[in-house]
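Okay, structure first, notes after.
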Amino acid sequence: MPREKRSLAVVFPFTSIVGQERMRRGLVLNAVNPRIGGILIRGERGTAKSTAARALAALLPEVQVVAGCRFGCDPDRPTTWCTECRERSGADEVLPVEMRRTSFVDLPVSATEDRVVGTLDIEAAIQRGERRFEPGVLASANRGLLYIDEVNLLDDHVVDLLLDSAALGMNIVEREGISFAHPARYILVGTMNPEEGDLRPQLLDRFALCVDMRGIRNPNARMEILERTVQFERDPGGFYASWEPKEHDLSGDIASARDVLGDVTYTQRDLFTIAGLTGEMQVDGHRADIVILKAAIAHAAFNRRTYITDEDILVAAELALPHRLKRQPFQDT
Ligand SMILES: [Zn+2]
């Protein structure tokens with residue numbers, strides 16, 4: 001294979017992943033609305049967890065960003081702008097825009113707090129009155145996908161920070177009376193192998209959605225996986241090209257869903273259905289109810305509807321409840 005071709009990393013197409021519907025659905029719903037609050041994928045090794053996350057980022061539509069902004073601020077949302085964009089626009093500059101691909105950021109398990117949130121140069125501030133901010137992982141992840149492999153092995157404090165900023169949609173660093181803020185809205189995907197230790201229950205509950213992956217036992221499906229894997233390894237470009245129309249369609253569907261998301265309505269009856277479900281299943285706290293509503297809205301938008309149905313609610317519940325129940329009623333379905 002020519003050298004330049006090899007350097008162009010071709011990603012395994014998301015739409016060619018065999019089975020694992022629930023995981024794919026959970027990822028897509030988070031892509032439609034990253035504010036759902038992320039997804040935790042639990043499963044043994046070799047169940048396509050990282051392949052799926054990487055593949056999702058690769059197919060997502062390009063987004064409009066403020067040109068020259070280190071954080072990829074959204075030109076249409078001035079309230080979320082970083083400190084630098086606020087200053088630029090305050091100086092009466094009309095901020096230029098450009099298109100950018102969705103980034104895929106792989107968080108190393110050894111990541112420290114500074115590496116994640118970034119650092120303020122206090123010396124420069126005190127001695128020269130300059131505010132210098134060295135961006136961290138959250139800056140690269142803004143409007144992209146943040147992938148945390150083996151989240152259960154990460155420092156608890158760092159996981160806390162990640163979940164905090166994901167919920168807030170902002171990263172705010174403060175030191176010695178100086179502060180710097182930038183948007184940190186990203187699709188959060190964590191994975192873990194339960195055999196290698198558990199996640200604290202408090203952290204578990206803060207992942208909006210969760211799927212438990214099973215290895216695929218069906219011989220036909222396994223054969224399909226084998227075939228596609230070999231085809232991809234032999235000719236990544238050719239394999240990708242044969243799936244490109246499907247990838248393009250899904251990307252378009254996600255973009256349309258993002259556009260109608262704000263128009264999706266729900267009724268008192270829908271809320272009652274959700275509350276009835278979580279009440280009956282004895283789910284503690286109210287996070288599950290909110291997550292189910294958000295995910296149901298995203299599912300409706302993805303299906304080009306502006307109202308939610310009981311099916312949307314059920315689909316959302318099977319993603320929002322597995323890690324919040326002591327017994328796991330969805331595991332075998
Ligand atoms: Zn900015």
Side-chain angles (χ1 to χ4, degrees), residues 30-38 53 56-108 111-148 158 160-189 251 254-255 257-259 261-262:
N30 271 283
V32 169
N33 181 14
R35 300 306 299 275
I36 287 175
L56 178 71
L59 77 75
L60 289 180
E62 291 194 328
V63 288
Q64 202 176 44
V65 298
V66 172
C69 170
R70 300 191 282 167
F71 310 96
C73 285
D74 183 347
D76 295 331
R77 292 187 178 178
T79 52
T80 68
W81 282 353
C82 71
T83 304
E84 287 165 3
C85 284
R86 281 169 197 266
E87 285 174 1
R88 278 169 75 184
S89 87
D92 276 345
E93 187 187 338
V94 177
L95 302 184
V97 299
E98 63 185 9
M99 299 303 286
R100 196 179 79 172
R101 299 199 58 172
T102 299
S103 53
F104 176 87
V105 178
D106 195 344
L107 185 83
T112 59
E113 173 172 357
D114 280 357
R115 180 79 194 85
V116 170
V117 302
T119 47
L120 270 168
D121 186 341
I122 296 300
E123 234 171 83
I126 292 169
Q127 292 176 357
R128 298 186 289 282
E130 293 169 7
R131 185 179 45 226
R132 266 208 236 143
F133 180 71
E134 188 62 46
V137 169
L138 292 179
S140 337
N142 184 35
R143 311 196 55 205
L145 189 150
L146 180 61
Y147 180 72
I148 316 170
V158 171
D160 253 337
L161 284 170
L162 291 166
L163 290 163
D164 275 344
S165 63
L168 192 64
M170 294 293 284
N171 175 37
I172 302 168
V173 181
E174 274 169 315
R175 273 187 70 194
E176 319 272 337
I178 308 164
S179 79
F180 192 96
H182 70 77
R185 299 161 84 95
Y186 46 84
I187 303 165
L188 179 66
V189 181
S251 181
I254 292 171
R258 285 176 174 176
D259 287 342
L261 192 65

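Counting starts at 1 for both ligands and their atoms, in listed order.
Looking at heavy atoms from C-beta onward, Ser89 lies out of side-chain contact with Pro78 at the 4.5 angstrom threshold. Put simply, the side chain of Pro135 reaches to within 4.5 Å of the side chain of Arg70, judged on heavy atoms. The closest side-chain heavy-atom distance from Leu120 to Arg132 is not below 4.5 Å.
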Under 3.5 Å, which donor-acceptor pairs link side chains of residues 168-182 to any protein atom two or more places apart or in another chain?
unit_1, atom_1, unit_2, atom_2, d
Asn171, ND2, Val117, O, 2.9
Asn171, ND2, His182, NE2, 3.1

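With sequence neighbours excluded, the residues forming a side-chain contact (heavy atoms from CB on, under 4.5 Å) with Arg86 are Trp81, listed by chain and number. For Phe104, the ring-ring contact (aromatic ring centres under 6.0 Å, His included) partners two or more places apart in sequence, or in a different chain, are Tyr147.
Around the Zn ion (ligand 1), the protein N, O or S atoms closer than 2.8 Å are Cys69 SG, Cys73 SG, Cys82 SG, Cys85 SG, listed by chain and residue number.
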